[in-house]
Amino acid sequence: MNSLDKKLQMSGFIAFFLSGICSISSGIVVSLLQERYGFDYNVTGTLLSIMSIGNLMAGFATGVLPAKIGLKATIITLSAGYELGYLWLGISGWMSILVLSFLLIGFAKGSVINMCTILVSNHSKNRTKGMNIMHSCYALGALLCPFIIAGAGLIGPVIPMLSLSFLGLVMWIIFQLTPIEKKTAGKKEKTDWDFLKSKRFWLLTGLIFCQNAAEISVNGWLVTYFKGSGILSGTLSAYTVTVMWTATLIARLLIAFVFPLKNPYTAMIKMAVSCTLFYICLMMADNQTAAILLLFAFAFSMAGMNPTAVACAGKMTSVASIGVMLPAASFGGILMPWIIGIVSNVAGLKTGMAMNIISCVGMLIFCIAVKRLKMSNISSLN
């Protein structure tokens, strides 16, 4: 690996670490906003879904805008959403501003995911290892976010949002300094769209759709769920994010450095089965110890799903393919939090959270389908 590859890869790691802090903090921040302004579950779910809409729009934008204004200009423009979004959350409580802020945070999240995926995947000798290290950086940031918010909250109620805005600015500066290729606007380049004809591409997209639905719903709703159910106290419930991302970090580091996946397709099926079983048990938990242990097990099981699925795209990974795959898959993160909010208002939060079992079962179905397609392709070659 040459020095340029190392620089680009390292920029992807650091930026994704900061994005982990800013992105996952949204679940805690929305809980703080709910307490401050007295939102109902429907409003809370809507704000989380709006962030996912921004994530979706940014994903498509990063697939189109580089040909217009250049790759570096695209990421610099869209990633500013963390800085602006959290700044506005800290200084205004108007609903229109809250909606716009979560949309901007979603823009930043989606653009950073796409950019870092391209930087790391295209500049790593081992795609699976590189992607799991990158997602480990994200998990480390997510693990730290409750402590950052709690520490900032001791200074003042708006300081957590302002602190996240500052971290978003740091990430933006990193992209400014990264030697990303500057493609001149208007330069005609032929884009390979053959991946759209690939069954494997769409099955992997469906898999990540379900994974996004499950993960984002848990990240966004779990603090509210534990508070509302009384399983964990208000203060302790905020640290469930740390439990979840500690498990995620450990699992991804193990996959990257200790137990490399010999057969990623079989591994993903095992992950999906474990996720489904542990989530069902989590919904049945009625005490602190069981809830924390089952959350750890659920997060540990899901940790390798996203990076492994993206790595399985192999040579199809490009600005265009990532600009289709990740935004399309992000619909899961839009729909499920919204569905949970609606069902919770009608039938209670526990029933709403149980809807996420559908996402887990969906992951398993797509994992099986992807492996069967892989085996059939191998058989046809023989």
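Quick note: residue numbers are just sequence positions, from 1. Note that these values count all heavy atoms, side chains included, but never hydrogens, waters or copies made by symmetry.
- Side-chain N or O atoms of S376 include one that pairs as donor or acceptor with a backbone N or O of L373 at under 3.5 Å.
- Between C145 and I28 there is a side-chain heavy-atom pair separated by less than 4.5 Å.
- A 6.0 Å sphere centred on CZ of F259 holds no more than 12 heavy atoms belonging to other residues, nucleotides or ligands.
- In terms of modelled atom types and a separation under 3.5 Å, the side chain of W172 and the main chain of I76 share a donor-acceptor contact.
- Here the side chains of M134 and T117 are in contact, with some heavy-atom distance below 4.5 Å.
- Under the 4.5 Å side-chain heavy-atom criterion for ILVMFWY residues, no single connected hydrophobic cluster contains both V346 and I340.
- Linking Ile, Leu, Val, Met, Phe, Trp and Tyr residues whenever their side-chain heavy atoms come within less than 4.5 Å places V218 and V243 in a single cluster.
- To the nearest 0.5 Å, atoms CG (N212) and CE (M336) are separated by 11.5 Å.
- Within the 3.5 Å criterion, the main-chain N or O of Q176 finds a donor-acceptor partner in the side chain of K72.
- Side chains of F16 and I113 form a contact here, defined as non-hydrogen atoms less than 4.5 Å apart.
- At least one side-chain heavy atom of L207 sits under 4.5 Å from a side-chain heavy atom of M363.
- Atom CZ of R36 has more than 12 neighbouring heavy atoms from other residues, nucleotides or ligands inside a 6.0 Å radius.
- Closest approach of C281 and L294 over heavy atoms only: O-CD1, 3.4 Å.
- Here the SG-CZ distance, from C116 to F13, works out to 9.5 Å after rounding to the nearest 0.5 Å.
- Formation of a donor-acceptor pair under 3.5 Å by the S111 side chain with backbone atoms of A108 is found in this model.
- In K371, the NZ atom is crowded: over 12 heavy atoms of neighbouring residues, nucleotides or ligands sit closer than 6.0 Å.
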Using side chain to side chain contact (heavy atoms under 4.5 Å, CB included), reason through M283 and Y225 one step at a time and then give a plain yes or no. CA-CA 10 Å; M283 290 298 96; Y225 170 70; 4.1 Å; yes
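- Residues L33 and M161 have side chains in contact (heavy-atom distance under 4.5 Å, counting atoms from C-beta outward).
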Steps toward side chain to side chain contact (heavy atoms under 4.5 Å, CB included) verdict (I91, V158): CA-CA 7 Å; I91 63 179; V158 302; over 6 Å; no
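- A 4.5 Å side-chain heavy-atom check between M95 and V43 finds at least one atom pair inside the cut-off.
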Hey, mind stepping through C312 and M268 against side chain to side chain contact (heavy atoms under 4.5 Å, CB included) and telling me if it holds? CA-CA 11 Å; C312 284; M268 287 193 296; 4.0 Å; yes
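- We find the OG-CD1 distance between S359 and I339 to be 8.0 Å, quoted to the nearest 0.5 Å.
- Defined by atom type and a distance below 3.5 Å, a donor-acceptor pair is present between the side-chain atoms of Y138 and S23.
- Taking 4.5 Å as the limit, every side-chain heavy atom of L89 sits out of range of all side-chain heavy atoms of L164.
- Listed here is the closest heavy atom pair of T46 and W338: OG1-CD1, 4.5 Å.
- A ring pair (Phe, Tyr, Trp, His ring centres under 6.0 Å) check over residues 82-114, counting only residues at least two apart or in different chains, returns nothing.
- In plain terms, the two heavy atoms of T308 and N132 that are nearest each other are OG1-ND2, 4.1 Å.
- Put simply, M305 and I280 are part of the same group of oily side chains (I, L, V, M, F, W, Y) that touch within less than 4.5 Å, one to the next.
- Other residues, nucleotides and ligands contribute more than 12 heavy atoms inside 6.0 Å of the NZ atom of K350.
- The minimum heavy-atom distance linking G332 with P337 is given by the pair O-CD, 3.9 Å.
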For F201 and V324, what are the C-alpha separation, side-chain angles and deciding distance, and is it a side chain to side chain contact (heavy atoms under 4.5 Å, CB included)? CA-CA 10 Å; F201 174 83; V324 173; 4.0 Å; yes
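- Expressed to the nearest 0.5 Å, how far CG of L196 lies from CH2 of W202 amounts to 5.5 Å.
- Residues L167 and I148 approach most closely at CD1-CD1, 4.4 Å, considering heavy atoms.
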Identify each donor-acceptor pair in which a side-chain atom of residues 247-258 lies under 3.5 Å from a protein atom, sequence neighbours left out, and give them as a table.
from: T248; atom 1: OG1; to: M244; atom 2: O; distance (Å): 2.9
from: R252; atom 1: NE; to: A303; atom 2: O; distance (Å): 2.6
from: R252; atom 1: NH1; to: H135; atom 2: O; distance (Å): 2.7
from: R252; atom 1: NH2; to: A303; atom 2: O; distance (Å): 3.2

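- Under a 3.5 Å cut-off, the side chain of S301 and the backbone N or O of A297 do form a donor-acceptor pair.
- Here the straight-line distance linking atom CG of L203 with atom CD1 of I208 works out to 11.5 Å at 0.5 Å rounding.
- Residues I216 and V29 are members of separate hydrophobic clusters, defined by side-chain heavy-atom contacts under 4.5 angstrom among Ile, Leu, Val, Met, Phe, Trp and Tyr.
- Hydrophobic clustering of Ile, Leu, Val, Met, Phe, Trp and Tyr side chains at less than 4.5 Å, counting indirect connections, keeps L293 apart from F278.
- Distance check, rounded to the nearest 0.5 Å: CZ of F166 to SG of C22 gives 11.0 Å.
- With contacts defined as side-chain heavy-atom distances shorter than 4.5 Å, the pair F298/C275 qualifies.
- Across all their heavy atoms, S79 and F175 have their closest contact at OG-CD1, 3.9 Å.
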